[in-house]
Amino acid sequence: YQRRVRAILQTLRAIVRSLRSKRNAILVCIIDCILACLEQLIRRFNHYAFSICAIYGDSFCDAAQKTFQLLGSHGITAIINDSILRNVLSFGCFFGGIACGGVGAVCGYLFIVDVPHGAYLFLIPAVLGFFLGAVSVSQVMTCIDSGVATVFVSYALDPAQLAQNDVVLAQQFEQAANLI
C-alpha cells in the first residue's frame, strides 16, 4: 500500500516537472514543492510504522493506526528527533568520508609522487576514499537511525515498560521529555 502511494507521488512529481515552461515555472515549482513535502511526510510516517511492525509484529494497517496515535501524542518530539538525528548522521557520513579521503590522499601521495607528471594524481585516491568512506559510514548510520526510531517508538508507546527494565534510563528519558 505505502509503495503505491509513494510511486503515485513520484509519478506526479515527474509529470509536474515535465510540464515546466517559462510561462508556468512558478506554479510548477510550488506544486513540486508541495508534492515533495508530502513525499517526505509519507517517508517519515512509514519509518515509524515499519518500526512498529518490527517491534510488535502488527500488520502495516494496525501499525499505521498506532503511528497516527503516536504522532498525535508525540508529534513535535518525533519531528525534533528526526531533524536532529538526520543532521548528526549526515555529519557523521561527511566526517567518515573526510577521514577515508585523507587516508587515500596520504597513500596516493606516498605511492604516486614518484610517477612523472603525477603531482596531482594523489587526489584520485583521495576522492575515491571520500566516496567509499561516506558510503560505508552511511550504511552504519542507517542501522543507528533504525535503532533510534525503535527506541523512540518503544518509549513513546509504552514508557512503563522501560521503567520496569531500567529505572535510571527511564528517569533520564523523562527528564529529556520534559525539556521539550
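- Cluster annotation: Leu35 is connected to Ile8 through the hydrophobic network of ILVMFWY side chains, with a link wherever side-chain heavy atoms come within less than 4.5 Å.
- In this structure, Cys93 and Ser138 have side chains that are in contact, with non-hydrogen atoms separated by less than 4.5 Å.
- In the hydrophobic cluster analysis, where Ile, Leu, Val, Met, Phe, Trp and Tyr join through side-chain heavy atoms closer than 4.5 angstrom, Phe45 is grouped apart from Leu38.
- Two residues are said to be in side-chain contact when any heavy atoms from C-beta on lie closer than 4.5 Å; Ile144 and Met141 meet this criterion.
- Considering CZ of Phe60 and CD1 of Ile52, their distance stands at 10.0 Å, rounded to 0.5 Å.
- Across all their heavy atoms, Thr150 and Ser146 have their closest contact at OG1-O, 2.8 Å.
- Around the CZ atom of Phe91, the shell of radius 6.0 Å holds no more than 12 heavy atoms that belong to other residues, nucleotides or ligands.
- With hydrophobic clusters built from ILVMFWY side chains whose heavy atoms lie under 4.5 angstrom apart, Leu9 shares a cluster with Val16.
- Between Gln69 and Leu157, the closest side-chain pair of non-hydrogen atoms is not below 4.5 Å.
- Considering every non-hydrogen atom in both Ala63 and Cys53, the closest pair reads CB-SG, 3.5 Å.
- Atom CZ of residue Arg13 and atom OG of residue Ser18 lie 13.0 Å apart, to the nearest 0.5 angstrom.
- When the side chains of ILVMFWY residues are joined at heavy-atom separations under 4.5 Å, either directly or via intervening members, Leu132 and Ile98 end up in two distinct hydrophobic clusters.
- Here the straight-line distance linking atom CG of Leu70 with atom OG of Ser51 works out to 9.5 Å at 0.5 Å rounding.
- There is no path of hydrophobic side-chain contacts, each under 4.5 Å, that joins Phe95 to Val106.
- Within the model, atoms OG1 of Thr67 and CZ of Phe50 stand 10.0 Å from one another, a figure rounded to the nearest 0.5 Å.
- Shown here for Pro125 and Gly104, the closest heavy-atom pair between the two residues is CB-O, 3.3 Å.
- Counting only heavy atoms from C-beta outward, the side chains of His47 and Asp145 approach each other to under 4.5 Å.
- Inter-residue side-chain proximity for Val28 and Arg17 is flagged as unmet; no heavy-atom pair is nearer than 4.5 Å.
- The side-chain heavy atoms of Ser136 and Val140, taken from C-beta on, include no pair separated by under 4.5 Å.
- Between the CG atom of Leu162 and the CD atom of Gln171 there is a distance of 10.0 Å, given to the nearest 0.5 Å.
- Contact detail for Gly133 and Cys100: the closest heavy-atom pair is CA-SG, 3.5 Å.
- Here the CG-CG distance, from Leu41 to Asn46, works out to 11.0 Å after rounding to the nearest 0.5 Å.
- With contacts defined as side-chain heavy-atom distances shorter than 4.5 Å, the pair Ser59/Asp62 qualifies.
- Taking the six-membered ring where the residue is Trp, Phe94 and Phe130 present perpendicular rings, their angle passing 60° and hence far from 30°.
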